[in-house]
Structure formats: C-alpha cells, structure tokens
Number of protein chains: 2
Amino acid sequence: MRRSVTIKHVAAEAGVSLQTVSRVINNGPNVRPEVRERVNAAVEKLGYVPSLAAQRMGGSRSYLLLALNDRDRTIEGWKSGEGTDWVDQMLLGGMLKSAEFGYRMIFELVDTHSSQVEREVQAAISALHPDGVILTPPHSDNPLITQLLVQMGLPFARIGSVAAGPGFAIVMDDRAAAEVATTHLLDLGHQRVGFITGSDEYVLSGARLDGYRRAISNRGLPLDDDLVGRGDFSFESGVRAMEAFFALESPPTAVVASNDQMALAALRVANGRGIQVPDGLAIVSFDDTPIVRFSNPPLTAVVQPVAAMAAEAARLLIRAKAGDKDLPPGVTIPFDFTVRRSTRAD
Amino acid sequence: MRRSVTIKHVAAEAGVSLQTVSRVINNGPNVRPEVRERVNAAVEKLGYVPSLAAQRMGGSRSYLLLALNDRDRTIEGWKSGEGTDWVDQMLLGGMLKSAEFGYRMIFELVDTHSSQVEREVQAAISALHPDGVILTPPHSDNPLITQLLVQMGLPFARIGSVAAGPGFAIVMDDRAAAEVATTHLLDLGHQRVGFITGSDEYVLSGARLDGYRRAISNRGLPLDDDLVGRGDFSFESGVRAMEAFFALESPPTAVVASNDQMALAALRVANGRGIQVPDGLAIVSFDDTPIVRFSNPPLTAVVQPVAAMAAEAARLLIRAKAGDKDLPPGVTIPFDFTVRRSTRAD
DNA sequence: CTGTTAGCGCATTCAA
DNA sequence: TTGAATGCGCTAACAG
C-alpha cells in the first residue's frame, strides 16, 4: 500500500520550502519562473495532487460546492423512473463547471417541509464546509434556508428563484417563455388557448401565468378565467384541469401546460376523448424532460436550461469565494423553445 | 459569520476532554454511560457535527465513497436527454445507502479510453482519499484501474463485472435475464427470435448472448447465426442490425435487444416498414430506462437493478473499511422482468 | 521573492 | 475509564 505523496515530498524533490510549493499549486504570486518550473516538474514527476481535506484544514477554502435538492421530490422522481432529468442536468452543468475550477460539487437531499430543515442544512454545512451552496426549487425560496446561509456568511445561489434577496438568483425568464409558448399557439391561429398553472409553492408558477396572460392581451384577445386551470405539477392535476376545459361550452383548441407531467395529462385526456393532437388540440409543454420527446406525438416545449443554470451558479459561487466583488446579483439564462409535432400539422 | 462549533466547544460544555468527546462520537468503548450522555447532550445542544476534513486528517477514514463513471458515455447520455437514468439510479442506491452509515458518495467521471486513466483515477483518489471506490461499466473491467486500486490497497466494487478478480463483483445475472427474455418470446409462440448484442467492450454483452442461446437450445430450436445481430448499444447499430434481419429470407418475428436504445431502434425500423409491434414483431428490451415506458407501444424489458447494485456496493465497501472480514467476494442482485405491450397482444 | 512559524479539527498513540 | 501529547497535509501570517 503506497503512501500518498504530499507537499513535503514535492518540496524535497524540488529543493524548496513547503510554502513555495503551496504558492505554485495555488498560482500564487512571487515565485520566480525558474523555481515555478522546477516545482511543477517535481509535481509532475511525483504525480502529486493536493489533499482536499488538508487544503480545507489549512486554508480558508474547501473546493467544495454543496447542491441542495428537495428530498421527497427527488427520490420520488428517481423511484418513479419517469425520466425527469433535473438531477442529471444539474450534474452536467454544475459538476463540469466546478471541475473547470478544480472544485467538486456534492449533491445532497434535504426535506424542505420538515421542521428540521435548518438542522439538516446546518449539519451538511458543518460536515462539508462548502465554499458555496446551490439551492434548487423549492429550497430557493425557503427563508429558513436562505437566512441560515446569510447568517453563516456562506455564498449561495438560488436556482429558479425570481424573488429578490440575498444570494445569486439564477433564473430563466419564465414569463417570457410562457409568452413565447402562448404566442406560438396564437400564431398558429388558435383563438382559445388554455393554460394550466403549476403549484403555488413555486414562484415561477405565477411568472408563467403572467407570460400567458400577456401574450393573450397583446393580441387583443379577452382574458377568460375559464381558460386558466389550476394545477400543481402532478399528472392528476393536469387531468382535472383538462376535464374542466372540456366541460366548457367552448373548450380551448390549444393549451400550454406548466410542466411536462401536466402536458402529458392533457395529451392523455385528449386521446381519451378521441381528440387528435395537434389537430383537435395543440399542446405546449414546459421543461422538456426526455419523456415529452418520446410521447406520441412528441410535444413542443419550452426547454428549461437546467445545466446552464447550474453551471452559472457554480461559476458565480466560485468567483465569489475567490473574492470577486464585481458579480451580478442575479442572472437570467436564456431558454430554448423546441417545436415538435404537438403543435405542428406535418 | 458564526464560527463553527468544534469538538473543543463540546468538550468544554460537557466538562470533559477532547478525547472523550471523540470517543463518544465514534461510539468508542470505555466511556461511562453517564459521561456519554453528558457529551451527547452537549453535542445536541451545540448542534455539533464533526468536520469531514478534520476526521480524515486525524484518523484513517474519510467517510467518502468515490463512484467512477465513464466520462464520454455519461456526458453523452446527459446531453442527448434521452432519459437514461443510470446515474440517477446509482445516486438513489449509492447515496442513500451511504448516508445510512454516515458516508457520502462523490460522483466522478473518468475516461476509460484515455491513456491517462490511471492518472485521472490516481488524482481523484489523492484529492479525496475515499474509503472505497465504486466502478461502473466499462471501468469495472479495466485492468489499469483495478490494478491501481489493488496496489493502493483501496477496497473497491465492480458493478456489472462478471469477471473474477479483486474487488467486490456486483452483478445481475445477465445470462439468466437474457434467457428469461428469450423464453418469454418462445412461450408466446415465436419460432424465430433475433438477438441484438451489445458492445464487445462490455463483458455482460457476452453473457446476454449466452442466455439467449441457451433459451433457444433449451427449446430444441436451431441456433441461426443470421438471427444474431452485432450492435454496440447505439441506436444506429440497432437500426443496422434490424435492417439486416429484415433482409433475410425469413426474418425473425421477435427480437431481444441488449439495451433500450437498440430496442427503440427495432421499434423504429419495424414502424418504418409498416410492421406492427407486437403483432408483426415482438420486442424485448434490456435495462428498462424510462423511455421504453413511454414508447408506443411501451416495451417489455429486463429491469436492471442499478440502484440495488449501487446500494450493495456501498454497503460492502463501508463494511470492508470497518474491518469486516467476512464479506462475500461478489453478489448477484436479482433482476426484474416487466411485460408491456411490445410482447403482448392486448 | 522565499522560508519559518503556527495553527486548522480531529483521531491516534500513549500515559495516568 | 479518562486525559495529554503528537501529527495528519496544508495554508496564512509573518519574517527575512
């Protein structure tokens, strides 16, 4: 069992002090190029890699980012196997961006609804001492968590949180996205476009509804409350909303759903009534998780840039920890809009 | 910015030495119950949680497990958004099981094909000093990696590796699974059942082919090489294999594909030729990633117990690190088989 | 520009 | 059964 090589070995090999090696490792200033090269050569030769634990012990940085997701929601998604790829996209964006800076992202689950939230978060932070924390919905808007973080002086990013406040707000423009989605349907000639909202627990639900309304108003069409169905992101709530629509005297000919599950519910209800999509009902979805690409027909959808948001969160936190003071309080990441057969008559 | 509470604070609060606190934390022996309680009370009161970094520095354990996945394959999966949930299932099984023991699982990507594999793995280990490493295909069968691990004296688990050798081999019985899948089709009356193999890079590809052959032989049917298409787990390879099948004088009426992508390819090719599934062609898939549940029709599939395998890997590694000598060299995790419409005429 | 000193928070010897 | 000393590998603050 080979003992691992430490900074001491490198120092000996290069014939310099530990400190100089440390400076080279951290790209510190005040090192003669010649010495720097000698040290780098020794590092290379010995295959030295600093121990994260020791770096954290000695210095002020841990090179760790902590990503917090909602426990129930995440586990439920994993177990159901319904293909929600939020976590994957977060890893894609967050891990890879972190790695660029020599950081690592550790993923943890905490229960937002528990009275223990603070304890859970506190415990994770005490154990890991991360340099920054990435919050995802619904944690992003949980004051218990954000206040704790502020109090601890830990930089954090709130993904998907439009609310002002401490921490970097990383959002996509949900209102604009909903407007684009709705306008797309209006452009196709639809006069009665329905909208299914998400859970009120998520601030973005309101933003999406706003965008829908704006698109309708912009065309000079009336805002009909009957065309707004209340959902909670669940398939069942989508079914209920759709059935309410079809019970109307004049049902919508197109619908925007605030997430994929509810959009699939719309598809299901339409099919159940013998209504063809997109001819009888056009559907636009939000989020663009994998399943909507494999439904029949595949659904037109607003693409939530989860990977890009996570990457930006990581970047901001790392720069903040590095002392960069010139950082924006928030960032809006562009969304994509993918047209598929659910709104297009091929 | 509140300074974090350390073992020192707890010791002061409880009126004992640092050492005693450490003993209580680690469930060490030789502590009077009365003192133990006093310490626990102090821990509770102060909300003390040991620092992972410090634990690793002082002691011999890091409470970290390192999970290694193939970089290209994983990133490709994430980017394509095709809903492969291998990573999710690994996290589900590995993270949650690790957490039960106070461990954390860190997920990293390394490139198996690179000449740098050893350096990459070495670097991750040097930085993290994990107590154990979880290898996933194709790393599980990469001798460069396994030898390095052996040499470092690090416990590791090989998920999906049937080969004998060092490290815990965590597998599902691929041969039996393929046999079950094939037999299922034979039971439905199919006489000509095709099989699409996976990449030779994966040992399990051979095992699945064996199972297929065994099922055919068991029925006294001839082994027809034309009915074995060579794939590499990609959609395209599935398409090629299927087209070769349909070019035969007597094409198969059912097919077992070694993964979901190739099974979907089979479905696509059949549809393209106006062949109905399951009437004109029955399809069984391997892996059961989410997309096959949403295809039309949904596919019958062998369910790969990824979460259970990761959980078992974590459990074994943690127990090994704890000094348990009575551990099996490998474990076979039961697979599931889910029948859906692609093999059933409703 | 470079080296020296002093911890970081804990577990592992030892000694009591 | 408990406590005191020592060191893990590194960086920060200070000297030189």
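In what follows, every chain begins at residue 1, and chains take the letters A, B, ... in the order their sequences are listed.
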Task: Any residue meeting side chain to side chain donor-acceptor pair (under 3.5 Å) with B:E34, in chain and number order, not counting sequence neighbours - done: none
Open item on the list: Rounding to an integer number of Å, can you tell me how far B:H129 NE2 sits from C:dC10 P?
Closed with: 18 Å
Open item on the list: What is the distance, to the nearest angstrom, from the CZ atom on B:R36 to the P atom on D:dT1?
Closed with: 10 Å
Open item on the list: Check the phosphate of D:dG3 against B:T20, side-chain N and O only, distance under 4.0 Å to OP1 or OP2. Yes or no?
Closed with: yes
Open item on the list: Holding to side-chain contact (heavy atoms from CB on, under 4.5 Å), I want the full list of residues that pass it with A:E201, two or more places apart in sequence or in another chain.
Closed with: A:H113, A:P138, A:S199
Task: Reading 5' to 3' through nucleotides 11-16 of chain D, protein heavy-atom contacts under 4.0 Å coded B for base, S for sugar-phosphate only, - for none - done: BBB---
Task: Short side-chain to backbone donor-acceptor contact, B:S126 and B:Q122, under 3.5 Å - done: yes
Task: Sidechain N-carboxylate O distance under 4.0 Å for A:R71, A:E120 - done: yes
- [ ] List for me each residue that meets side chain to side chain donor-acceptor pair (under 3.5 Å) alongside A:T20, sequence neighbours excluded, and say none if there are none.
- [x] A:S17
- [ ] Grab the CZ-C1' distance between B:R56 and C:dG9 for me, whole Å please.
- [x] 13 Å
Task: Candidates C:dG3, D:dG3, D:dT2 - which lies nearest the side chain of A:S17 - done: C:dG3
TODO: Grab the CG-P distance between B:N27 and C:dC10 for me, whole Å please.
DONE: 16 Å
Open item on the list: Restricting to salt bridge (charged side-chain N to carboxylate O under 4.0 Å, His left out), what partner residues turn up for A:K45, sequence neighbours left out?
Closed with: A:E13
Task: Salt bridge present between A:E100 and A:R315 (N-O < 4.0 angstrom) - done: no
- [ ] Work out how much the helix from C:dC1-D:dG16 to C:dA16-D:dT1 bends between its end axes, five pairs an end, to the nearest 10 degrees.
- [x] 40°
Task: Flag, side chain of B:H139 to backbone of B:V110, donor-acceptor distance under 3.5 Å - done: yes
Task: Distance, rounded to the nearest Å, where B:K8 contributes NZ and D:dG3 contributes P - done: 16 Å
